[in-house]
Amino acid sequence: MKDHSTRKQTEAINEMEMYYELHGAGDPLVLLHGFTGSGSNWEPFIGDLGKERQLIIPDLRGHGRSTNPSNVFTFRQSALDVFALLDRLDIERFNAIGVSGGAKTLLHMATQQPGRIEAMVLISAAPYFPEQARAIMRQMTPESRSEEEWQMMRQWHKHGDEQIRALWLQGNGFKDSYDDMNFTAPYLSTITARTLIVHGDRDPFYPAGIAMEMYAAIPRSYLWMVPNGGHGPIFGELKAGFVETASAFLRGEWEL
């Protein structure tokens, strides 16, 4: 792996411009944000997670400062994009943490090239979209968003309101998608990475049973069900406990 100091830049890959940041030094840890989020969502974690590792934090296709000329988003393609970035950085083996859409990207990465991920943390992941998630997606339209939501999105995404509108329309389109996120238990069983599944027991998108299905299917997995936790239960007052638990897991301190 190349020796990189902290840097922020954009790479032309897969007919898009992918923005990413590198922080710290050491073994690589890839941090993947959720759908409609951006790499900046990880800022509160950089100081803690970057103490012993080099953090690679991209903006996924069409998010943040990254472009998406195709105006199409799939988690399968997102995985190919992240691999292309890691190839450009000469990073072969790595650990990773993904939240929601970032975790779905990691499910594709861990099945596309299983040998490259040593350990990963999947936060609010899902191998498929259940009906309760599709019901929320049907309501995800630019017209239904509040002014507060528009202002938050403008802080994260740097290519104007058309970029934000495109993301919400893509999210709405997931309601009709059945081929991108369609992982069966036998397919999940091909994942070789040590895996920590973190899931809120009050997740409005994905019921706790989905986390149990992944835990039963992924061979080297652990399950952390966060009591009274919603979607992405690692922020705010939950951050310290997550950092401590995930760091111990990634260091390999847990025994199967």
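Everything numeric in this text was worked out from a predicted model, so none of it was measured. Residue numbers start at 1 and run along the sequence shown.
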* Aromatic ring pairing Phe174/Phe75, orientation class (parallel under 30°, perpendicular over 60°, tilted between) -> tilted
* Is the Tyr222 ring parallel, tilted or perpendicular to the Trp254 ring (thresholds 30°, 60°)? -> perpendicular
Between [X] and [Y], is any side-chain donor less than 3.5 angstrom from a side-chain acceptor?
X      : Y      : value
Gln9   : Tyr20  : yes
Asn68  : Ser66  : no
Gln155 : Gln151 : no

* Roughly how far, to the nearest 0.5 Å, is the OG atom of Ser100 from the NE2 atom of His231? -> 3.0 Å
* **side-chain hydrogen bond (donor to acceptor under 3.5 Å, both in side chains) partners of residues 28-38, not counting sequence neighbours, each pair once** => Ser38-Ser40
* Can you run down the side-chain hydrogen bond (donor to acceptor under 3.5 Å, both in side chains) pairs that involve residues 181-192, sequence neighbours left out, and say none if there aren't any? => none
Just list the side-chain donor-acceptor pairs under 3.5 Å for residues 91-98, sequence neighbours left out, or say none.
unit_1: Arg93; atom_1: NH1; unit_2: Gly115; atom_2: O; d: 2.4
unit_1: Asn95; atom_1: OD1; unit_2: Ala119; atom_2: N; d: 3.1

* Asked: Any salt bridge between Glu131 and Arg134, counting N to O under 4.0 Å?
  -> no
* Are Lys239 and Asp48 close enough for a salt bridge, meaning some N to O gap below 4.0 Å? -> yes
* **Near-ring test Phe235/Phe45, centroid separation under 6.0 angstrom** => yes
[X] atom [atom1]: more than 12 heavy-atom contacts under 6.0 Å:
X      : atom1 : value
Tyr215 : OH    : no
Gln112 : CD    : yes
Glu253 : CD    : yes

* Intermediate values then yes/no, salt bridge (charged side-chain N to carboxylate O under 4.0 Å, His left out), Asp161 and Arg154 -> CA-CA 7 Å; Asp161 285 0; Arg154 287 169 181 143; 2.9 Å; yes
* Cluster check Leu32, Leu80: I/L/V/M/F/W/Y, side chain < 4.5 angstrom -> no
* Asked: Between Pro233 and Ile123, is any pair of side-chain heavy atoms under 4.5 Å apart?
  -> yes
